[in-house]
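All remarks here apply to the structure that follows.
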Amino acid sequence: MISDKQFEDSFTAAGGWFLLTQYETILNWNGTRNELIDELYKKGFDSKRTGTNTRVSGVLRIIESKRDKEALLKIRDSKTINRQHPEAFQKASELLKKYHI
């Protein structure tokens, strides 16, 4: 288990929008970690592969510590994320229903 500070640090490193939009890809990935990073890097979230590596590490840490439901709730309830991405509430709600309820 990770501490609350480690959770917050991982969430911040991943970025809420990245976590939300790439959650299923990361959760269901069957290849290597490097292949996952390469695949997600191609999507253009980061200008350098190291940025994607940091994001993936954050998401994996959250998933592996079984705090991904908490992360999705945080995204769903975030005024900032929902202001920037109006579809975030619906997408987070759907993922919560699919994987955690």
Side-chain angles (χ1 to χ4, degrees):
M1 192 56 110
I2 59 175
S3 70
D4 289 345
K5 174 152 180 22
Q6 290 170 320
F7 170 80
E8 290 299 327
D9 290 347
S10 295
F11 186 89
T12 300
W17 184 245
F18 180 87
L19 192 154
L20 180 63
T21 59
Q22 305 311 308
Y23 176 74
E24 286 189 291
T25 300
I26 295 170
L27 185 67
N28 299 314
W29 189 259
N30 290 320
T32 68
R33 187 175 189 281
N34 279 332
E35 290 170 336
L36 173 61
I37 292 165
D38 288 340
E39 186 66 30
L40 296 178
Y41 175 65
K42 291 176 192 172
K43 294 186 177 186
F45 280 93
D46 302 292
S47 60
K48 294 183 180 179
R49 188 180 182 280
T50 54
T52 303
N53 182 48
T54 299
R55 289 179 189 273
V56 169
S57 294
V59 176
L60 287 173
R61 192 170 200 192
I62 289 169
I63 291 171
E64 290 165 0
S65 68
K66 307 219 181 302
R67 292 185 76 174
D68 46 324
K69 178 180 180 180
E70 182 180 346
L72 290 171
L73 287 168
K74 183 175 176 152
I75 293 165
R76 184 196 68 187
D77 299 338
S78 169
K79 291 178 183 173
T80 303
I81 293 171
N82 283 287
R83 190 177 333 106
Q84 294 171 343
H85 305 281
E87 66 275 28
F89 180 88
Q90 183 64 35
K91 182 155 181 65
S93 297
E94 289 169 4
L95 290 172
L96 284 162
K97 184 183 255 188
K98 184 173 180 178
Y99 292 103
H100 297 288
I101 296 176

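It should be emphasised that the depicted structure is a prediction, and the values quoted were computed from it without experimental measurement. Numbers for residues simply follow the sequence, beginning at 1.
- Taking CG from N82 and CD from Q90, the interatomic distance works out to 10.5 Å, rounded to the nearest 0.5 Å.
- Taking NE2 of H100 as the reference point, atom NZ of K66 lies at 10.0 Å (rounded to 0.5 Å).
- For the atom pair N34 CG and N53 CG, the distance stands at 7.5 Å (nearest 0.5 Å).
- The distance from atom OG of S93 to atom CG of D77, rounded to the nearest 0.5 Å, is 8.5 Å.
- Hydrophobic clustering keeps F89 apart from L20 (ILVMFWY residues linked when any side-chain heavy atoms are closer than 4.5 Å, directly or through intermediates).
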Should I26 and F18 be marked as a side chain to side chain contact (heavy atoms under 4.5 Å, CB included) after you check the CA-CA gap, both sets of side-chain angles, and the distance that decides it?
CA-CA 11 Å; I26 295 170; F18 180 87; 4.0 Å; yes
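- In this structure, the side chain of S78 does not engage the main chain of K74 through any donor-acceptor pair within 3.5 Å.
- The two residues W17 and A88 make their nearest non-hydrogen contact at CZ3-CB, 4.0 Å.
- Summarising the geometry, atom OG belonging to S65 is positioned 10.5 Å from atom CG belonging to L60; distances are rounded to the nearest 0.5 Å.
- Taking each heavy atom of W29 and E39 in turn, the nearest pair found is CH2-CB, 4.1 Å.
- Closest of all the heavy-atom pairs between R61 and I2 is NE-CG2, 3.9 Å.
- Between T25 and L36 there is a side-chain heavy-atom pair separated by less than 4.5 Å.
- Taken to the nearest 0.5 Å, the CZ atom of F11 stands 12.0 Å off from the CG atom of D68.
- The shortest non-hydrogen separation linking R76 to A92 is CB-CB, 3.7 Å.
- Contact of the Y99 side chain with the E24 side chain is registered, since non-hydrogen atoms from C-beta on lie closer than 4.5 Å.
- Under the 4.0 Å criterion applied to side-chain N and carboxylate O atoms, K5 and D9 are assigned as salt-bridge partners.
- Nearest heavy-atom pair across Y41 and D46 is CE1-O, 3.5 Å.
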Check the pair T52 / Q22 against side chain to side chain contact (heavy atoms under 4.5 Å, CB included), numbers first and verdict last.
CA-CA 11 Å; T52 303; Q22 305 311 308; over 6 Å; no
Going through the checks in order, is the side chain to side chain contact (heavy atoms under 4.5 Å, CB included) test met by R55 and V59?
CA-CA 6 Å; R55 289 179 189 273; V59 176; 5.6 Å; no
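- When all heavy atoms of G16 and I81 are compared, the pair lying nearest together is CA-CD1, 3.9 Å.
- Looking at E70, its side chain never comes within 3.5 Å of a backbone N or O of R67 through a donor-acceptor pair.
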